[in-house]
Protein chains: 2
Amino acid sequence: MSHTYEYPRAALAVDCVVFGLDETDLKVLLIQRKLQPFQHAWALPGGFVRMDETIDNAARRELEEEAGVSDVYLEQLYTFGAMHRDPRERVVTVAYYALAKLSDHRIRAATDAMGVGWFALDALPKLAFDHSEIVSRAHERLRGKVRYAPVGFELLPPRFSLTQLQRLYEIILGTELDKRNFRKKILSLDLIVETDEVEQGVRHRAARLYRFDRRKYDRLAKQGFELSI
Amino acid sequence: MSHTYEYPRAALAVDCVVFGLDETDLKVLLIQRKLQPFQHAWALPGGFVRMDETIDNAARRELEEEAGVSDVYLEQLYTFGAMHRDPRERVVTVAYYALAKLSDHRIRAATDAMGVGWFALDALPKLAFDHSEIVSRAHERLRGKVRYAPVGFELLPPRFSLTQLQRLYEIILGTELDKRNFRKKILSLDLIVETDEVEQGVRHRAARLYRFDRRKYDRLAKQGFELSI
DNA sequence: TCAAGTTAGTGTACAAATTACACTCTAAAC
DNA sequence: GTTTAGAGTGTAATTTGTACACTAACTTGA
């Protein structure tokens, strides 16, 4: 039986929700659109997928090109294909979320230079297309995932204090945690280990810095260990 | 600034992993391909997305057309876009997973008639394309989700015994559970309620049948309640 | 140098949840 | 009426989670 392949082709795009964490807030990186539609509106970094690259690659490329962001944790989130989400024509977008270390000077420098903005998640401007919906879903996913996967560390510098880690969970989960109970639990996992470094340049007692032992985690995970925070 | 829209267009498809549960196994519905490529090989039901339907609709339509399956729980899983996953050309597929009640006579009848097959998850034949990878990811998602969301009930008839429910969790999670502890925990949630019906046609003491109180669950979920099994 | 300010760091008692475990009850089939 | 198959039930021990408040270390500025 002979067969020719005739079927509709959608324009396929990617969009990325890049999260960053500062002292008090979870932030999202946005870019201001230069072109119609939604000219001048804030939007997620993203663009069309090329025929010679995977979708993951398209996401990384657009992050680099549009926002100067590279070397981040990146995970596919959901594919949005509502009929009129783009007023021009049918565009299906594969959404990703990324976790960036705001403390990373390269990220700071790159995003400062390119006219992009970091916005607190609870004070976002109106966004282009269905990007608000994408951000909501990304936040939801992050909230869920942070409790059973070691993704939070992607938002922190490689060495961090236990207070920083606690703040991270408080900010993402939106709850207050008890300091002593948190430390007890975290340290009992034996995956967050002391270093001989301490916080620098603070005007109070310097906190001891810890690091996440990813090797150990990976080893345990292979043996069926399940994290739970 | 004028602008014309010139970008590559990928062929966009959907594929569905339909799960069903019998007495001893989690099963997956497969169809045998009639055409090249992978002619005669078993594959997931699926097909191309049309320009005038959403991706979700495409998934439901293909399920109905190719496998006679309708009225199932359906959730988007992941989008697969490796370069050569389809040997003909670039095809990106949005994968879904569905939970069907094998006890539903309509499902039974439809799938019997259409030359489709139910295969135990741990004894699948070789599959076309990257469909094995899609099935793995669907199974992983189901295992994760069944513990904090009430999706298991989608695999059971509306009235079920506690033993059936326990088997469901044992089969999906791949662990044995203690009968008394399981019942204590499940009933303490107060979401699985007794009916006045009992199992029929068994050659031993008939088990009492229960139902899941979805209204109550939805109400609690809105107030921030989180299920955990 | 000392007083004030700021965050780091630490333990215990109580409550709640989870685990381990074995027998009697009921109905059908023969 | 005996056998068979699974239904149904409680308690004690252990583990885990929760509530809670003070001292230690360092910096800054008077």
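Sequence lines set the chain letters: A, B, ... in the order given, protein chains first and strands last, and positions in each chain run from 1. Bear in mind that the values here come from a model prediction, so they are computed numbers and not experimental data.
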Taking atom [atom2] of [N] as reference, at what distance in whole Å does atom [atom1] of [X] sit?
X	N	atom1	atom2	result
Arg183(B)	dG6(D)	CZ	P	13 Å
Phe182(B)	dT18(C)	CZ	P	13 Å
Glu176(B)	dA20(C)	CD	P	12 Å
Glu23(B)	dG6(D)	CD	P	12 Å
Leu165(B)	dA7(D)	CG	P	13 Å
Gln166(B)	dA7(D)	CD	C1'	12 Å
Lys179(B)	dC25(C)	NZ	C1'	11 Å
Leu209(A)	dA8(C)	CG	C1'	12 Å

- Message: Under a plain distance cut-off of 3.5 Å, with no hydrogens placed, do Thr163(B) and Arg183(B) share a side-chain donor-acceptor pair?
- Response: yes
Protein-nucleic acid N or O pairs under 3.5 Å, nucleotides 24-28 of chain D:
{"unit_1": "dA24(D)", "atom_1": "N3", "unit_2": "Arg205(A)", "atom_2": "NH1", "d": "3.1"}
{"unit_1": "dA25(D)", "atom_1": "O4'", "unit_2": "Arg205(A)", "atom_2": "NE", "d": "3.3"}

- Geometric cation-pi criterion Arg33(A) and Phe38(A), 6.0 Å radius, 45° cone: no
- Go through the structure and list residues passing salt bridge (Lys or Arg N to Asp or Glu O under 4.0 Å) with Arg167(B), not counting sequence neighbours. none
Using nucleotides 16-19 of chain D, report all nitrogen or oxygen pairs with the protein that are shorter than 3.5 Å.
{"unit_1": "dT18(D)", "atom_1": "O4", "unit_2": "Lys184(A)", "atom_2": "NZ", "d": "2.9"}
{"unit_1": "dA19(D)", "atom_1": "N7", "unit_2": "Asn181(A)", "atom_2": "ND2", "d": "3.0"}
{"unit_1": "dA19(D)", "atom_1": "N6", "unit_2": "Asn181(A)", "atom_2": "OD1", "d": "3.1"}

Using atom types as modelled, flag every donor-acceptor pair under 3.5 Å from a side chain in residues 154-161 of chain B to any protein atom, sequence neighbours excluded.
{"unit_1": "Glu154(B)", "atom_1": "OE2", "unit_2": "Arg214(B)", "atom_2": "NH2", "d": "3.2"}
{"unit_1": "Arg159(B)", "atom_1": "NH1", "unit_2": "Glu197(B)", "atom_2": "OE2", "d": "2.7"}
{"unit_1": "Ser161(B)", "atom_1": "OG", "unit_2": "Gln164(B)", "atom_2": "N", "d": "3.1"}

- Task: Indicate, with a heavy-atom threshold strictly under 4.0 Å, whether Thr163(B) touches base, sugar-phosphate, or nothing.
- Result: sugar-phosphate
- Item | Non-hydrogen side-chain atoms of Val69(B) and Glu64(B) separated by less than 4.5 Å | no
- Item | Single hit among Arg106(A), Lys101(A), Arg108(A) for side-chain hydrogen bond (donor to acceptor under 3.5 Å, both in side chains) with Asp104(A) | Arg106(A)
- Go through the structure and list residues passing ring-ring contact (aromatic ring centres under 6.0 Å, His included) with Trp42(A), not counting sequence neighbours. Phe119(A)
- Inspect the surroundings of CZ in Arg143(A) and state if more than 12 heavy atoms from other residues, nucleotides or ligands are less than 6.0 Å away. yes
Identify every side-chain donor-acceptor pair in residues 215-229 of chain B under 3.5 Å, counting partners at least two apart or on other chains, and give the distances.
{"unit_1": "Lys216(B)", "atom_1": "NZ", "unit_2": "Asp190(B)", "atom_2": "O", "d": "3.2"}
{"unit_1": "Lys216(B)", "atom_1": "NZ", "unit_2": "Asp190(B)", "atom_2": "OD2", "d": "3.1"}
{"unit_1": "Glu226(B)", "atom_1": "OE1", "unit_2": "Arg147(A)", "atom_2": "NH1", "d": "3.4"}

